[in-house]
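One structure is given below, encoded as structure tokens.
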Amino acid sequence: MPLEHLSTDPAPVPLGAKVAVIAPAGPVRPERLERGLELLRGLGLEPVLGRHLLGPVRGYLAAGDAQRASDLEEALADPDIRAVLCAHGGYGSVRLLDILDWEQLAKVAANHPPKPFVGSSDITALHRALALHLGVRTYYGPVVAGPILGEPRPCPRTVRSFADSLFSPAESSQLSGGTCIVPGKAEGVTTGGTLTLICSLAGAPEFRSAAGSIVLLEDVKESPYRIDRMLTQLVRGGWFDQARGIACGSWEDCRPAEQIDEILFDRLGELGIPVVTGLPFGHGPTQMTVPLGAHAELDATSGVLSLRA
């Protein structure tokens, strides 16, 4: 089933608003979390911590599955919370997909304007689930306690784009500076995220086709052969069938880096759609926030992705 345009924009977050900070996946580093919270306060927001944000930690999970799920459900249902921000990626989001109360969350979504939901990396699984079950637009962007927002001097472009996704979620934006892999232009609805997480959903409802979409892809610390294998899996499985274009972000610490462009051309070049890489989103030093479920225009020849309100 192809993705449809998710036309309901999240409501803008007003200054002074409460925003939930939750950990649906792995545990956070306390020092990074505190710096990220200070950044939110500096933007004029009041962060509200999920009850299990700091544990009890379960190894590579921030807390138990039921606890992490309840933090997400409470944040989405609380009318006083104006945005839901993920604190960290790692691993664990996919474990929540079958225990979240989607029926109740759908009732909440039907009666309240959607609120911005921001996260990346492992949070890819939740982005796809929220689109499937609730039909809401979400934002693929930096996590609060991550290596950008949680550092002493975060990248200004990253912070500005992150803030825009909260305060002006319906505004158009543009990502530029990409490297053309396959030239051409295309229009479609944005979907995607971290390549590894998309492949991990194979066979699940959230794996739904990318037909009609501009597919966003990126990853971190993956060997070229593994990227080759994952792209081959998606191509052979038909996931890219009828996709309009592919916009790749960073391939941070995917070494040797010079092989990545060759793999993208080799695996994706025969799809007959425009492909660009190196756009400033993902795990790289600049992590622009990109709406998922929004109309986009891709000019792969010029290395530009334009996102329309």
| request: Take atom CD of Glu31 as the centre, draw a 6.0 Å sphere, and report whether it contains more than 12 heavy atoms from other residues, nucleotides or ligands. | output: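 Buried by this count: over 12 neighbours within 6.0 Å.
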| field | Within 6.0 angstrom of Glu258 CD, more than 12 heavy atoms from elsewhere | value | yes
To the nearest 0.5 Å, what is the distance between [atom1] on [X] and [atom2] on [Y]?
X: Arg229; Y: Leu195; atom1: CZ; atom2: CG; answer: 11.0 Å
X: Asp228; Y: Gln233; atom1: CG; atom2: CD; answer: 12.0 Å
X: Met288; Y: Ser250; atom1: CE; atom2: OG; answer: 13.0 Å
X: Ile22; Y: Leu72; atom1: CD1; atom2: CG; answer: 4.5 Å
X: Asp219; Y: Asp253; atom1: CG; atom2: CG; answer: 11.0 Å
X: Leu53; Y: Leu33; atom1: CG; atom2: CG; answer: 5.5 Å

Please name the pair of heavy atoms, one in [X] and one in [Y], separated by the smallest distance, quoted to 0.1 Å.
X: Ser209; Y: Asp241; value: OG-O, 4.0 Å
X: Pro224; Y: Gln259; value: CB-OE1, 3.3 Å
X: Pro116; Y: Leu166; value: CB-CD2, 3.9 Å
X: Leu298; Y: Pro274; value: CD2-O, 3.9 Å
X: Ile214; Y: Gly188; value: CG1-N, 3.6 Å
X: Pro169; Y: Pro10; value: CG-O, 3.2 Å

| query | Less than 4.5 Å apart, any side-chain heavy atom of Leu292 and any of Arg137? | reply |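 Result no, sub-4.5 Å side-chain heavy-atom pair not found.
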| query | Does Ile263 reach the side chain of Tyr225, with side-chain heavy atoms less than 4.5 Å apart? | reply | no
Do side-chain atoms of [X] reach the backbone of [Y] as a donor and acceptor pair under 3.5 angstrom?
X: Arg128; Y: Thr191; answer: no
X: Gln67; Y: Gly64; answer: yes
X: Glu206; Y: Leu201; answer: no
X: Arg267; Y: Thr232; answer: no
X: Ser173; Y: Leu307; answer: no
X: Thr124; Y: Ser121; answer: yes
X: Trp239; Y: Ala211; answer: no
X: Asp122; Y: Gly92; answer: yes
X: Lys115; Y: Leu76; answer: yes

| With distance as the sole criterion, is a donor-acceptor pair present between the side chains of Ser120 and Gln287 under 3.5 Å? |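 Checked: Ser120/Gln287 side chains show no N/O donor-acceptor pair below 3.5 Å.
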| Pairwise side-chain hydrogen bond (donor to acceptor under 3.5 Å, both in side chains) hits with a residue in residues 42-63, at least two apart |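 Every side-chain hydrogen bond (donor to acceptor under 3.5 Å, both in side chains) pair that includes a residue of residues 42-63, provided the two are not neighbours, is Arg51-Glu74, His52-Asp71.
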| Full working for salt bridge (Lys or Arg N to Asp or Glu O under 4.0 Å) between Arg32 and Glu151 | CA-CA 6 Å; Arg32 281 184 172 175; Glu151 287 301 301; 3.1 Å; yes
Does a salt bridge link [X] with [Y], judged by any charged N lying under 4.0 Å from a carboxylate O?
X: Arg35; Y: Glu38; value: no
X: Lys18; Y: Asp80; value: no
X: Glu34; Y: Arg41; value: yes

| note | Which of Ile81, Leu45, Leu43 passes side-chain contact (heavy atoms from CB on, under 4.5 Å) with Val13? Answer is Leu45
| task | Would you mind listing every ring-ring contact (aromatic ring centres under 6.0 Å, His included) that reaches into residues 139-164, with sequence neighbours excluded? | result |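 Counting only pairs at least two positions apart or across chains, the ring-ring contact (aromatic ring centres under 6.0 Å, His included) contacts touching residues 139-164 are His127-Tyr140.
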